[in-house]
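Counting from 1, the numbers follow the sequence of the chain as shown.
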Amino acid sequence: MTDEVPGYFKVTRSATYGFLAALPLLILYEVMIVVSNRAGSSVRVGAEVWLKEPFRNLGSSWALLLGGVVIATGVAIMYAERNKKLPLKPSFFGLIVAESAVYAVVVALVVSQLVGAILNPAMMALAPQSSGLFTDIALSIGAGLYEELLFRVLLVGGLFWLFRRVAGKEGVAYVLAAVLGALA
């Protein structure tokens, strides 16, 4: 196991592992949000709406087109990284899940403590009520996926690409893209 850890940190930073790790979460969210909405809720993640709405205007086959975009993206990522010869190890995906679970628990504890310390109980009473654990989990998964896709991948990535072309310096382009993406 100790021989795998350095390889794990290097390999799992790749777009291939990122895509393959996110794909089951995307499928899980889509199924869970359909089930939640059929059970009486009518909820969706805002970033999801922004990303999907242009596809909805294409007619009844928008979902198939969107699925094709996801598959084409995965193929393009793997093709672009084909020369890296990344080992696809199931143990690495297990470590990704474990690492994510640790981060989730730590962040949830820290955030809940900060929110409780900042907002007094009277203000907490004004907070939106839960839609139920199942729906809340679906929304948490969707927020993580769609907000990262919209803001980090598309917005910051697009700004980085643009600023790198204009400024010519990667460091300057990255700082500008990160700051503007954070402000957005």
Do Ile33 and Ile137 share a hydrophobic cluster (ILVMFWY, side-chain heavy atoms under 4.5 Å, transitive)?
yes
Could you state the interatomic distance from OG (Ser140) to CG (Leu133), rounded to the nearest 0.5 Å?
9.0 Å
Is the count of non-hydrogen atoms from other residues, nucleotides or ligands lying under 6.0 Å from Arg165 atom CZ greater than 12?
yes
Please name the pair of heavy atoms, one in Ser42 and one in Asn37, separated by the smallest distance, quoted to 0.1 Å.
CA-OD1, 3.3 Å
For the side chain of Ser61 and the backbone of Leu64, is there at least one donor-acceptor N/O pair under 3.5 Å apart?
no
Nearest-0.5 Å distance that lies between atom NZ in Lys10 and atom CG in Leu86:
9.0 Å
Give a yes or no on whether Leu66 and Ile27 share a hydrophobic cluster (residues Ile, Leu, Val, Met, Phe, Trp, Tyr; joining criterion: side-chain heavy atoms under 4.5 Å apart).
no
Let me see the working for Ile96 and Tyr8 under side chain to side chain contact (heavy atoms under 4.5 Å, CB included), right down to the final yes or no.
CA-CA 9 Å; Ile96 289 172; Tyr8 165 79; 3.7 Å; yes
Please give me the minimum heavy-atom distance between Leu88 and Leu20, naming the atom from each residue.
CD2-CD1, 3.9 Å
Nearest atoms (heavy-atom pairs only) where Gly181 meets Leu159:
N-CD1, 4.2 Å
Can you get from Tyr29 to Val69 by hopping between Ile, Leu, Val, Met, Phe, Trp and Tyr side chains that sit under 4.5 Å apart?
no
Tyr17 and Lys89: CA distance, side-chain angles, deciding distance, side chain to side chain contact (heavy atoms under 4.5 Å, CB included) verdict
CA-CA 10 Å; Tyr17 265 86; Lys89 295 184 177 185; 4.3 Å; yes
May I ask you to decide if Ala15's main-chain N or O and Glu81's side chain share a donor-acceptor pair within less than 3.5 Å?
yes
Taking the six-membered ring where the residue is Trp, are the ring centres of Tyr174 and Phe163 under 6.0 Å apart?
no
Are side-chain heavy atoms of Val70 and Phe19 found at a separation under 4.5 Å?
yes
Return yes when atom CZ of Arg56 has more than 12 non-hydrogen atoms of other residues, nucleotides or ligands closer than 6.0 Å, and no otherwise.
yes
For Leu154 and Leu51, what are the C-alpha separation, side-chain angles and deciding distance, and is it a side chain to side chain contact (heavy atoms under 4.5 Å, CB included)?
CA-CA 10 Å; Leu154 297 177; Leu51 288 168; 3.5 Å; yes
Are the side chains of Leu150 and Leu155 in contact, using a 4.5 Å heavy-atom criterion?
no
Testing the basics here: between Ala167 and Val172, what is the closest heavy-atom pair and its distance to 0.1 Å?
CB-CG1, 4.3 Å
Rounding to 0.5 Å, atoms CZ (Phe92) and CD (Glu99) come to a distance of 12.0 Å
Output the distance between atom CG (Leu145) and atom CG (Leu149), rounded to the nearest 0.5 Å.
8.5 Å
Between the CG atom in Leu139 and the CZ atom in Phe134, the distance rounded to the nearest 0.5 Å is 10.5 Å
Is there a path from Tyr146 to Val153 through hydrophobic residues (I, L, V, M, F, W, Y) whose side chains come within less than 4.5 Å of each other?
yes
Minimum heavy-atom separation for Ala177 and Phe160, please, with both atom names.
CB-N, 3.4 Å
To the closest 0.5 Å, what do you measure between CD1 (Ile77) and CZ (Arg82)?
14.0 Å
Side chain to side chain contact (heavy atoms under 4.5 Å, CB included), that's the test. Do Trp62 and Asn57 meet it? Break it down for me.
CA-CA 8 Å; Trp62 72 271; Asn57 295 329; over 6 Å; no
Grouping I, L, V, M, F, W and Y whenever their side-chain heavy atoms are under 4.5 Å apart, do Leu23 and Val11 come out in a common cluster?
yes
